[in-house]
Amino acid sequence: MPVNKEAYLKLRSTLDQQGVTLVAVSKTKPVADIQELYEMGQRDFGENYVQELVDKQAKLPPDIRWHFIGHLQSNKVKYIAPFVHLIHGVDSYKLLGEIDRQAAKNNRTIACLLQVHIAEEESKFGFDEPGIRQVVANIKAEHQEGRLSHVRVQGLMGMASFTDREEQLHREFNQLKKIYDEQDYFQVLSMGMSGDYAIAVSEGSNMVRIGSLLFGARSSSSSKQVQ
Ligand SMILES: *Cc1c(COP(=O)(O)O)cnc(C)c1O
């Protein structure tokens with residue numbers, strides 16, 4: 001399926017006006033599709049699988065900002081640490097420590113988002129609200145001691161339930177926005193996908209992750225976060 005250029009231009013102008021960053025989610029899609037959007041000016045791309053990201057990064061222009069949006073295993077951080085722009089799905093303190101170690105090895109500071117569990121479904125990863133408070137307190141304390149100096153936790157990321165009940169989507173995104181606002185520490189709130197981005201933006205998202213609307217549908221097995 002070709003890249004939907006018309007949808008891209010429309011989305012881009014709407015989101016630009018609202019100050020929302022568009023991450024084009026290119027997982028499972030060929031390098032040629034990414035190149036096509038790149039030529040239209042897109043620079044932020046999102047991938048969920050480490051090997052796929054590493055392969056694509058090597059083949060595409062170096063000024064692409066690569067977002068890792070999948071579930072990241074600690075033992076794979078080293079493969080993306082040299083170049084990744086933003087890791088969205090940090091869901092444990094241990095993972096943050098490993099990102100810090102690998103960033104230090106590469107003389108970099110890696111920006112991260114903490115994943116918050118807002119959906120009804122049990123299978124999705126992330127911290128709950130008290131977990132976020134705890135982890136932010138820990139990070140602040142570590143930073144004061146000069147530790148974790150190679151990670152910068154910029155904000156939060158969440159995925160709403162897989163539903164078309166708008167009321168529920170509003171409620172879940174609103175819950176995440178409240179957790180985000182409570183901290184006075186964050187700048188990036190990554191929420192919203194092809195099916196629910198308008199609701200997410202209306203609830204205060206400033207970064208959306210959009211795949212199928214731009215690149216066409218994927219096979220169903222790859223459309224969810226899987227390990
Ligand atoms: C696949 C994926 C997206 C994009 O989903 P679409 O519905 O295709 O827009 C966004 N965020 C995450 C975490 C994903 O895994």
Side-chain angles (χ1 to χ4, degrees), residues 1-12 14-15 20-30 33-34 36-37 42 44-53 56 64-73 76 80 84-92 95 111-127 154-166 168-169 172-173 176-177 180 188-227:
M1 202 193 283
V3 173
N4 191 338
K5 294 187 172 180
E6 202 180 321
Y8 174 69
L9 291 172
K10 237 166 105 179
L11 195 57
R12 214 29 222 274
T14 314
L15 295 174
V20 176
T21 303
L22 170 63
V23 178
V25 176
S26 47
K27 61 188 181 198
T28 80
K29 299 297 174 183
D33 286 7
I34 300 172
E36 219 173 308
L37 274 197
Q42 180 65 19
D44 292 274
F45 290 91
E47 291 281 339
N48 304 39
Y49 306 103
V50 168
Q51 190 56 52
E52 188 179 342
L53 172 53
K56 286 174 171 173
I64 287 182
R65 294 183 288 268
W66 291 104
H67 296 244
F68 190 81
I69 63 169
H71 181 69
L72 184 56
Q73 289 167 297
K76 295 198 172 161
I80 62 172
V84 71
H85 174 70
L86 179 62
I87 298 176
H88 288 231
V90 175
D91 63 353
S92 75
L95 178 59
C112 300
L113 306 179
L114 303 173
Q115 185 164 358
V116 186
H117 180 107
I118 50 169
E120 267 182 349
E121 290 110 54
E122 295 244 334
S123 64
K124 292 185 181 167
F125 303 98
F127 292 101
Q154 289 191 321
L156 302 176
M157 176 269 213
M159 291 169 84
S161 295
F162 190 68
T163 177
D164 46 22
R165 291 176 50 220
E166 295 197 358
Q168 183 177 352
L169 293 170
E172 292 177 0
F173 287 135
L176 182 53
K177 177 62 159 61
Y180 172 84
V188 178
L189 181 55
S190 166
M191 59 183 197
M193 314 185 4
S194 291
D196 58 19
Y197 75 90
I199 294 177
V201 169
S202 79
E203 293 294 346
S205 168
N206 59 24
M207 184 176 281
V208 294
R209 309 174 310 269
I210 296 190
S212 44
L213 195 62
L214 301 173
F215 295 108
R218 296 173 300 271
S219 61
S220 59
S221 64
S222 58
S223 65
K224 288 241 165 179
Q225 274 190 318
V226 286
Q227 241 180 311

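As the structure lists them, so they are numbered: ligands from 1, and atoms in each ligand from 1. Remember, predicted model here, so these are calculated numbers, not experimental data.
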Student: Between Met157 and Leu86, is any pair of side-chain heavy atoms under 4.5 Å apart?
Tutor: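 Met157 does not reach Leu86 side chain to side chain.
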Student: What pairs with Glu52 under salt bridge (Lys or Arg N to Asp or Glu O under 4.0 Å), at least two apart in sequence or on another chain?
Tutor: Lys56
Student: What is the ring orientation for His71 with Phe125, classed by angle as parallel under 30°, tilted 30 to 60°, or perpendicular over 60°?
Tutor: parallel
Student: Please could you name the atoms of ligand 1 that Arg218 approaches to less than 4.0 Å, counting only its heavy atoms?
Tutor: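 With Arg218 as reference, the close atoms of ligand 1 come out as 1 (C), 5 (O), 6 (P), 8 (O).
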Student: Distance from Gln115 atom CD to Leu176 atom CG, nearest 0.5 Å?
Tutor: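 Here the rounded value is 10.0 Å.
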Student: Does Tyr197 reach the side chain of Thr14, with side-chain heavy atoms less than 4.5 Å apart?
Tutor: no
Student: Taking Ser92 for its side chain and Leu95 for its backbone only, find out whether a donor-acceptor pair lies under 3.5 Å.
Tutor: yes
Student: Can you check whether Gly211 has an N/O within less than 3.5 Å of an N/O in ligand 1?
Tutor: yes
Student: I'd like to check which ligand 1 atoms, numbered from 1 as shown, lie under 4.0 Å from a non-hydrogen atom of Ile210.
Tutor: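 By the 4.0 Å cutoff, the relevant atoms are 9 (O).
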Student: Classify the contact between Met157 and ligand 1 as side chain, backbone, both or neither, using a heavy-atom distance cut-off of under 4.0 Å.
Tutor: side chain
Student: With a 4.0 Å cut-off on heavy atoms, does His88 reach ligand 1?
Tutor: no
Student: Which atoms of ligand 1 sit under 4.0 Å from any heavy atom of Lys27?
Tutor: 1 (C), 2 (C), 3 (C), 14 (C), 15 (O)
Student: Run down the list Gly70, Ala217, Ser194 and name the one with the heavy atom closest to atom 9 (O) of ligand 1.
Tutor: Ser194
Student: Numbering the atoms of ligand 1 from 1, which are under 4.0 Å from a heavy atom of Met159?
Tutor: 13 (C)
Student: Please identify each residue that fulfils side-chain contact (heavy atoms from CB on, under 4.5 Å) with Lys10, with sequence neighbours left out.
Tutor: none
Student: Give the atoms of ligand 1, by number and element, whose distance to some non-hydrogen atom of Arg209 is under 4.0 Å.
Tutor: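 Listed by number with element: 4 (C), 9 (O), 10 (C), 11 (N), 12 (C), 13 (C).
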Student: If you measure from atom 12 (C) of ligand 1 to every heavy atom of Leu214, Leu213, Ile69, which option wins on shortest distance?
Tutor: Ile69
Student: Just one of Leu214, Ile210, Val208 clears the side chain to side chain contact (heavy atoms under 4.5 Å, CB included) bar with Ser194, so which one?
Tutor: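 For Ser194, the side chain to side chain contact (heavy atoms under 4.5 Å, CB included) check succeeds only for Ile210.
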Student: So, does Asn48 sit close enough to ligand 1 that a heavy atom of it is under 4.0 Å from the ligand?
Tutor: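 It does, in that a heavy atom of Asn48 comes within the 4.0 Å cut-off of ligand 1.
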